[in-house]
Every structure is written in structure tokens, then in C-alpha cells.
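In what follows, every chain begins at residue 1, and chains take the letters A, B, ... in the order their sequences are listed. Computation of the quantities below employed the complete heavy-atom set of this structure, encompassing side-chain atoms and omitting hydrogens, waters and symmetry-equivalent molecules.
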Amino acid sequence: MSFTIIPATTDHAAVINSMTHELAEFEKLPNGPQLSESEFREAIAEKNLFGFVALIEEQIVGFVMCYYGFSTWQGKFIFMEDLYVRPAHRKGGIGKALWKEVAKVAYEQNLRRIQWTVLDWNTNAINFYKSIGATDMHDRDGWLDFRLFRPAIAQFVGGNSENGV
Amino acid sequence: MPLQIISATSAHAAEINTLLHELAAFEKLPEGPELSEGQIGEAIANKNLHGLLAYMDEELAGFALFDYSFCTWQGKYMFLHEIFVRPAHRKHGVGKGLWKSIAKLAHEQNLARIQLDVLDWNTDAIKFYKAFGAVDFTKEEGWRDFRVPRSEIAKFAAANPSAPV
């Protein structure tokens with residue numbers, strides 16, 4: 001079945017937000033997405049997020065959402081946050097087509113890289129990414145992703161930070 | 001004078017560039033930094049990049065560089081790109097002082113998280129971050145950092161853009 005790919009707009013925010021939840025379920029991290037639909041819409045409106053949606057007969061069947069980061073080593077880059085195609089529409093080239101749109105944006109701006117994270121058990125995704133020339137940065141250099149969340153930030157700032165931490 | 005921490009301006013580009021290269025050499029990735037001093041200065045002036053510089057007795061002792069991004073799950077967050085204390089100035093609280101300033105900024109803006117990468121062999125850094133409540137997200141949930149460089153982007157984006165995928 002043929003599909004079209006168009007830039008994501010605020011009109012798509014509700015559907016993309018709900019598909020973000022579908023993706024999180026698949027990733028076995030259903031509590032991950034914490035943004036409301038209006039926060040999502042605002043992020044697209046203010047261009048803090050940008051992306052593309054894939055449509056079949058005017059229904060959204062897949063999407064990709066990205067944002068820009070700035071690396072001290074390589075300057076501006078694209079961080080691809082979510083890439084998702086609904087199960088019923090897989091194996092039809094939609095994922096690759098969505099990815100191609102992101103690659104075109106990066107290419108037009110002459111960016112040095114596109115970056116994202118993938119779960120170590122998601123072998124289908126890993127194989128797809130390796131087929132398009134991606135490198136696992138943990139395998140290559142040993143990089144690990146560390147995070148400090150809001151409660152720990154608050155504790156550090158407001159709590160016993162003087163006492164031998 | 002003991003420890004002094006200030007916000008970086010574009011006037012500090014040369015000092016920042018020096019420290020970036022010192023840190024990359026320590027990380028055994030000396031070819032990593034590709035930006036010129038001018039590009040670093042411009043990034044700070046345009047607020048694409050933010051920094052803190054630490055001085056001990058008026059000598060340049062260390063720095064932290066960060067930017068802000070927007071995640072589809074948690075909204076605005078801080079990405080800490082670099083935090084480094086020169087060997088001669090270690091064990092005097094410079095690292096903790098920098099970390100505290102970073103955490104205060106994140107806390108004041110009510111950010112969902114601070115995120116950073118660390119090399120898996122850098123056990124001192126790993127201990128330091130864990131002491132402040134940071135979590136190894138690669139271990140915790142299995143996330144791996146993937147990247148595709150400019151050469152691969154070009155292959156994918158520019159080749160036969162109108163051919164079926």
C-alpha cells in the first residue's frame with residue numbers, strides 16, 4: 001500500500017503523543033513518556049521538536065521525532081528521539097523512508113552526525129541501524145549513558161551536599 | 001583566592017578549547033574535538049553552548065560545558081557534555097564545586113534531568129557521578145548510544161532521492 005511522508009505539525013501532536021506511548025510499551029518502559037498532549041503540541045510549535053509522519057489514506061501509521069543538540073566536539077547535530085511504525089504497517093519501507101527524511105535534513109545542513117539511543121535487546125532495530133551505516137558508540141569507544149533525575153538533583157542542591165558527598 | 005566559578009562567555013573560547021583538548025587526550029580520543037576556537041566562541045555567544053570555568057588561586061583549574069535539549073518523554077533537560085578538572089588541581093573540591101553549580105542551574109529551571117556520557121573504563125568518573133545520585137542508564141535499561149557520521153548521512157540522503165525506498 002503506498003504511503004506519503006510529510007513534516008509533523010501541531011495538528012499531528014495528539015496522534016504522535018499517543019504513538020509515543022505505543023512505542024514506550026514496546027520498549028517495556030510504559031512509564032517513560034511524561035509529557036501531556038499540550039506540552040507536545042507546544043514543543044512542535046516552538047520547534048523544540050521536529051519530525052515527519054507517514055500517512056496511508058490520511059491515517060498516521062508511523063512517525064519520527066527529533067531535536068537539535070550541540071556537541072562540543074562536532075557542533076550542531078540531530079538527536080533522533082523516536083522512530084516508530086505501527087506493527088500492521090511494517091516491512092513496507094516506511095521506517096527507511098522516515099529515516100531518509102531525517103538524513104536529508106542533516107545532509108542539507110551539513111551536520112556531522114545524527115545520534116540516538118537504542119535498547120540493547122532490540123536486535124531488529126540494531127540491524128536496521130547498522131545497515132544504514134550507524135556505529136554503536138559503546139562498542140567503539142566504551143561510552144555509557146548516565147542520568148541524574150530531578151529528585152536526585154533536588155537532593156544534591158538542597159540536602160546534605162556539604163557532608164562528604 | 002580559593003575556588004572561583006564563573007559563567008563562560010565567548011571571550012573564554014581559547015581557554016575552553018585548551019581544556020577540551022586536554023580532556024579528549026585523557027579520554028584517549030584526541031581526534032574527537034573538531035571545532036575551531038572561533039566556532040566555540042560563536043556557539044557560546046549564540047547560546048547553543050553554555051559553560052562554567054573554575055579557577056583556583058586565579059589559575060584555570062577546570063570547566064563544565066552543557067546545552068539544553070528537549071526530550072519527547074520528559075521535556076527540557078540539560079546535557080552535560082564535559083566536566084573536567086586539570087590533574088594539578090584535583091582533590092581540592094573543584095569537581096564538586098562545578099557539579100554543584102550545574103545542579104543548581106538544573107534545579108532552578110526545574111529540569112527533568114541532567115544527562116551525560118562517561119567512558120566505561122573511567123572508574124573515577126563513574127564513582128564521582130554515582131556519588132551525586134547519577135544512574136548508569138545503559139546498565140539500568142539497556143540503552144546504547146548509536147551514531148551515523150556525515151559520510152553515511154550523505155550516502156543515504158543524497159543517493160537517488162526520488163528513487164523508491
Side-chain angles (χ1 to χ4, degrees), chain A residues 20 29 32-35 39-40 43 48-49 65 67 69-76 79 81-82 93 96-97 100 103-104 106-107 110-121 129 132-138 141-150 152-157 161 165, chain B residues 20 29 32-35 39 43 48-49 65 67 69-75 79 81-82 96 100 103-104 106-107 110-121 129 131-139 141-150 152-158 161 164-165:
Chain A
T20 301
L29 299 163
Q34 294 158 28
L35 297 187
E39 281 172 314
F40 218 92
N48 288 324
L49 281 178
M65 292 306 292
Y67 51 86
F70 192 92
S71 151
T72 49
W73 284 13
Q74 297 191 311
K76 189 178 179 185
F79 192 93
E81 174 81 311
D82 295 309
K96 200 164 164 189
K100 192 159 190 162
K104 276 192 211 161
Y107 182 71
N110 197 28
L111 303 183
R112 284 181 176 86
R113 70 177 190 247
I114 301 169
Q115 183 175 338
W116 62 100
T117 53
V118 63
L119 288 158
D120 57 10
W121 54 258
Y129 295 135
I132 50 143
T135 301
D136 179 336
M137 296 305 284
H138 180 254
D141 295 343
W143 292 105
L144 297 169
D145 169 5
F146 265 54
R147 301 190 190 181
L148 181 70
F149 291 101
R150 189 158 30 207
I153 294 170
Q155 189 172 22
F156 183 67
V157 170
S161 51
V165 175
Chain B
L20 263 174
L29 300 162
E34 296 172 30
L35 300 186
Q39 285 170 318
N48 289 324
L49 189 61
L65 294 178
D67 74 341
S69 281
F70 193 95
C71 146
T72 52
W73 283 15
Q74 294 191 309
F79 195 96
H81 287 282
E82 325 282 351
K96 193 171 158 189
K100 194 162 186 167
K104 272 197 197 149
H107 184 66
N110 196 28
L111 301 185
R113 68 179 191 251
I114 298 169
Q115 189 167 331
L116 60 145
D117 290 331
V118 63
L119 289 156
D120 59 7
W121 53 259
Y129 300 136
F132 298 131
V135 173
D136 176 348
F137 232 56
T138 295
K139 194 171 170 187
E141 293 186 356
W143 293 103
R144 307 284 283 241
D145 172 4
F146 268 52
R147 299 188 192 177
V148 65
R150 189 157 38 191
E152 297 296 330
I153 293 169
K155 268 189 220 166
F156 200 77
V165 279

Q | Side chains of Trp116(A) and Val148(B) in contact at under 4.5 Å (non-hydrogen atoms) | A | yes
Q | Nearest-0.5 Å distance, CE of residue Met65(A) to CZ of residue Phe70(B) | A | 9.0 Å
Q.
Tell me the closest heavy-atom pair linking Glu82(B) and Trp73(A), and the distance in Å.
A. OE2-NE1, 3.4 Å
Q: Supply the atom-to-atom distance Thr117(A) OG1 to Arg144(B) CZ, rounded to the nearest 0.5 angstrom.
A: 11.5 Å
Q. Under a 4.5 Å heavy-atom cutoff, which of Asn48(A), Thr135(A), Leu49(A) has the most pairs with chain B?
A. Thr135(A)
Q. So which part of Asp82(A) gets closer than 4.5 Å to some heavy atom of chain B, the side chain, the backbone, both or neither?
A. side chain
**Q.** side chain to side chain contact (heavy atoms under 4.5 Å, CB included) involving Ala106(A) - partner list, sequence neighbours excluded
**A.** Ile78(A), Leu111(A), Ile114(A), Ile153(B)
Q) Can you name the nearest heavy-atom pair linking Leu35(B) to Ser71(A), along with the distance? A) CD1-O, 3.6 Å
Q. If you measure from CZ on Arg150(A) to CZ on Arg113(B), what distance do you get to the nearest 0.5 Å?
A. 11.0 Å
Q. What is the minimum heavy-atom distance between Glu81(A) and Trp73(B), and which atoms define it?
A. OE2-N, 4.0 Å
Q.
Using heavy-atom distances under 4.5 Å, tell me whether Asp67(B) contacts chain A through its side chain, its backbone, both, or neither.
A. side chain
Q: Apply side-chain contact (heavy atoms from CB on, under 4.5 Å) to the pair Asp145(B) and Asp145(A), showing each step before the final yes or no.
A: CA-CA 7 Å; Asp145(B) 172 4; Asp145(A) 169 5; 5.8 Å; no
(Q) With side-chain contact (heavy atoms from CB on, under 4.5 Å) as the test, pick out the partner of Leu144(A) among Leu119(B), Asp117(B), Leu116(B), Asp120(B). (A) Asp120(B)
Q. From Thr72(A) OG1 over to Glu34(B) CD, what is the distance, rounded to the nearest 0.5 angstrom?
A. 11.0 Å
Q) Highest number of heavy-atom pairs under 4.5 Å with chain B: which of Gly133(A), Ala103(A), Gly142(A)? A) Gly142(A)
Q.
Nearest 0.5 Å, please: how far is CG in Leu29(A) from CH2 in Trp143(B)?
A. 6.0 Å
Q: Take Trp143(A) and Thr138(B) through the test side-chain contact (heavy atoms from CB on, under 4.5 Å) and record every step on the way to the result.
A: CA-CA 9 Å; Trp143(A) 292 105; Thr138(B) 295; over 6 Å; no
Q | Between Ala103(B), Gly133(B), Pro149(B), Gly32(B), the one whose heavy-atom pairs under 4.5 Å with chain A are most numerous | A | Gly32(B)
Q. How far apart are the closest heavy atoms of Ser69(B) and Gly69(A), and which atoms are they?
A. OG-CA, 4.2 Å
Q | Considering all heavy atoms, the nearest Phe132(B)-Leu148(A) contact | A | O-CD1, 3.1 Å
Q) Under a 4.5 Å heavy-atom cut-off, does chain A meet the side chain of Gln115(B), its backbone, both or neither? A) both
Q) For Tyr129(B), is it the side chain, the backbone, both or neither that has a heavy atom under 4.5 Å from a heavy atom of chain A? A) side chain
Q: Please round to the nearest 0.5 Å and tell me the distance separating atom CE of Met137(A) and atom CZ of Phe146(B).
A: 10.5 Å
**Q.** Per-residue contact mode, Phe149(A) against chain B (heavy atom under 4.5 angstrom)
**A.** both
Q. Which heavy-atom pair separates Ala106(B) from Ile153(A) by the least distance, and what is that distance?
A. CB-CD1, 4.1 Å
